[in-house]
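The figures that follow rest on heavy atoms only: side chains count, while hydrogens, waters and symmetry mates do not.
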Amino acid sequence: MTRRGFVVTEDRHEGIRRVPVVSSIIAGRANDCDIALGDAAASRHHVEFSVKDGQFYWKDLGSTNGTLINGSEMREGILHDGDRIQIGETVLRFEIEEVPTPAASDEATFFRSMIDAEGREIEADPSDSHAEGLLRTVYAVVNRIASNYDLCSLVDEILETTANALDARRGALLFATPEEDATLPCLTCGNYHIIDNGRLRHVSREAMHISSTVIHRVLSRGESVLYQDADADAEIKAAETIVQQNLRSIMCVPLRAKYGIVGLLYVDTDRPERAYSREDMLLFTALGNSAGLAIENARMHKEIIDKERTDQEIRHAWSIQEGFLVKHWPDDPRVQVYGETRPARVVGGDFYDVIQLDADRLALLVGDVSGKGVPAALTMAQILAEFRFRARGGADPAEVITQINREMHRRSQFGTFCTMCYVTIDLATGALRFANAGHHPILCITPAGFREFGAAGGPPVGILEDTAWETEEDRIAPDEVMLLYSDGIVEARGMHTRRDSSHVSSDEFGVKNLARVAQGFYREPPRAMVNGINVSVQEYTAPAMPHDDCTLLVIKYAGPARPGPTPRD
C-alpha cells in the first residue's frame, strides 16, 4: 500500500476538487499555480505542498499575509490527515489515503502528434550528424536566453533565435491561461509578439492570425504538435485561418515550467519544400522547454524585485509608524512607565500612548485596530492624532472615546473598527478614571496576586455612530503594577501534538499565564517586565510566531512623593 496526499478545495462553481500531491504542487493567486486561489489575500505563489519518503510537507513561500495551519500561523511543517490550511478567507483541507502501490511505468516527457497527408503517424529517426547540429542549436539558444530577466525583450529574443534556427518566416510566442484555455499578450507591454515575414512585430489580438484550433489542441492536451500537409487533417481543414493562408506545415509546443504551462510557441509555413520534420519537432520542443523555464525565471525575478521593493516600502512605513508611538516616558519618581508593540506583520494596527495631562495626571491608552498591515497602520495613525487632540482638551475618558467613535465612523470606508482602553491616573492619590470600548480589562499585579477591573463598557469604536460609554473609577495602591495589553498577548496559541501525532490542539496563552509571568517580574522595572512577557509568549507559540500584534503598556505606581527629612537648625 502507498500513502497518497490530496489538497481538497471547495468552490461553489467547481464543487469539490481533490488535487493529488505527487511530488510538489503550488497554491497561489497566479494562473500558473496548480491550485489557483481567487482570494485577494493570497500571494501569487503562496504555499508549496510536497512529498518526500512518504511524508507530506508544506512551506509558505514568503507570502505577504501568511498561512494558518489549524488556526495558527506557521512557515512550514509536516502535514497530517485532516489539517486545515487557511489563506485569507480560503480554507483548504489536506487528506491522506492508503492506495495499492501502482506498477512501475515510464512517463513520457512530452506527447507529439505527427500526421501525414493521409492521417498516418510519421516514423523517422534523425541522423547522428543532424542530431549533433540540433543539440548545438539548442545549446546556443539556451545560453542566449538564460540570463535575460526582462520579460518583454526575452520573448523577442526567444522568437528571433527560434526563427533563425528553423528558418521560419512566421511564428508567435503567446502566454497562456490553462484554466480558461485562452492566451494572453505579453505581461509587460500588453501586445502579442510575432514573427511576420521574418520580421519581429508587436501587434494587437486582431492582427494575430493563428488558428484557435491549434491553440486549443496544445493547451487542452499539453501536447507538442506537428502537422504536415495540414489541409488534409479533418479538424484542421475546418479551421478558417489555416485554409485561408494555405498553410502546409505547423508546429506548436507548450512552454513548460516548474509550475505548469506558461504559454506556447508557434511556427508555420506555406512552403511545401520547407515542411517541418521530426528533427525540427525535436528541436522546437527542446526550445519550448528552455523558453518556458527562462520565462518563469524572468517572472520570478520580477516578483522578487517587486517584493523587495514592497518590503522596503513596508519597512519604511513601520519606521514612520514607530514615530507615532511615544518613546519618552514620564520622568516622575511616583511612576515608571514603559510600552512596546510588536506587529505580527512588518506594520500593524496595535498602538499605545502616554500623555502628561498636568503635573499630577497621566493619560494612558492602548488600542487595537481590526485587520493588519498598512491599512490598519494608517487607521492607527489617524486615531492617535485624534486621541491626542481630544485628551489634551480635558474631556473625561468616556467623552474622548465617544468623540473618536463619531470621527472614525464618519471616515471609515471598509468596516474598520478599533478596540481601546483609555485610563487616567492621578499620581498624587492613585485614583483611576477609565473607559473601555470592547477591549480587554485592565490587569493589576499586587504583592498578593492579581485582579482584573475595567471590563468593556461598550462596543469597539467605529461600529455604531451613536454609542455611549461611561467613565468608571478605581484606585491603584502604591507598589502595584497596572498592565494594559492587546489580544495578541492573551490569545497567542501554543501547539500541542498528541503522542500518536493524530491530532494537533492549540490553547491560548491566557490572562492567568500573563499574570503569572508579570508576577515573576514584579520587582523589576516595567521594561524588563514587557521583555519577559514577550519572550514567554514567543516561547509558548514556538515554532510559530504569534499570529496577532502584541502590545503591552506597564505602569508601576510608587505612590505619592514622600517628603524628605526636615533640615536641622
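- F175 CZ to T183 OG1: the interatomic distance, rounded to the nearest 0.5 Å, is 11.0 Å.
- In this structure, CG on D81 lies 9.5 Å from CD on E97, to the nearest 0.5 angstrom.
- Side-chain atoms of S486 and D368 form no donor-acceptor pair, as typed in the model, at a separation below 3.5 Å.
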- Take S204 and E206 through the side chain to side chain donor-acceptor pair (under 3.5 Å) test and state the conclusion after the steps. CA-CA 5 Å; S204 65; E206 293 73 21; 3.2 Å; yes
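- Within the 4.5 Å cutoff, the side chain of P254 has no heavy atoms near those of the E223 side chain.
- One finds the CZ atom of R44 at 13.0 Å from the CG atom of L61 (value rounded to the nearest 0.5 Å).
- Counting heavy atoms from C-beta outward, L173 and D156 have side chains that stay 4.5 Å or more apart.
- Atom-to-atom distance recorded for I215:CD1 and Y266:OH is 8.5 Å, nearest 0.5 angstrom.
- Side-chain contact between S370 and C418 is absent, with no heavy atoms from C-beta onward closer than 4.5 Å.
- Annotation: E95, atom CD; neighbour count of heavy atoms from other residues, nucleotides and ligands within 6.0 Å is above 12.
- A donor atom on one side chain and an acceptor atom on the other are not found under 3.5 Å apart for D350 and T341.
- Nearest approach of R278 to L226, heavy atoms of both residues: N-CD2, 4.4 Å.
- The side-chain heavy atoms of I69 and I85, taken from C-beta on, include a pair separated by under 4.5 Å.
- The shortest distance between side-chain heavy atoms of I295 and L151 falls below 4.5 Å.
- What you find for L166 and V267 is that their closest heavy atoms are CD1-CG2, 4.4 Å.
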- Determine, stepwise, if the pair L159 / L265 fulfils side-chain contact (heavy atoms from CB on, under 4.5 Å). CA-CA 8 Å; L159 269 177; L265 192 60; 4.2 Å; yes
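- Atom-to-atom distance recorded for E76:CD and K59:NZ is 5.5 Å, nearest 0.5 angstrom.
- Side-chain contact between P543 and M74: present, with at least one pair of heavy atoms (C-beta onward) separated by less than 4.5 Å.
- Here the CD1-CG distance, from I261 to L219, works out to 6.5 Å after rounding to the nearest 0.5 Å.
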- Message: Could you go through M281 and Y276, starting from their C-alpha distance and side-chain angles, then the distance that decides it, and tell me whether this counts as side-chain contact (heavy atoms from CB on, under 4.5 Å)?
- Response: CA-CA 7 Å; M281 179 65 162; Y276 297 121; over 6 Å; no
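- Using bins of under 30°, 30° to 60° and over 60° for the plane-to-plane angle, the ring pair F49/F94 lands in the parallel bin.
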- Derivation and outcome, side-chain contact (heavy atoms from CB on, under 4.5 Å), residues V7 and W58: CA-CA 11 Å; V7 178; W58 75 276; over 6 Å; no
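- One N or O on the side chain of Q86 and one on the backbone of G88 form a donor-acceptor pair closer than 3.5 Å.
- Between the side chains of D280 and S277, at least one donor N or O lies within less than 3.5 Å of an accepting N or O.
- Counting only heavy atoms from C-beta outward, the side chains of R29 and H46 never approach each other to under 4.5 Å.
- Residue-environment remark: CZ (R18) exceeds the threshold of 12 foreign heavy atoms within 6.0 Å.
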- For T67 and S63, run side-chain contact (heavy atoms from CB on, under 4.5 Å): C-alpha distance rounded to whole Å, both residues' side-chain angles, the deciding distance at 0.1 Å, then the answer. CA-CA 8 Å; T67 306; S63 67; 4.3 Å; yes
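- Screening P185, C152, C186 against H202 for a side chain to side chain contact (heavy atoms under 4.5 Å, CB included) leaves a single residue, C152.
- The closest side-chain heavy-atom distance from I195 to R170 is not below 4.5 Å.
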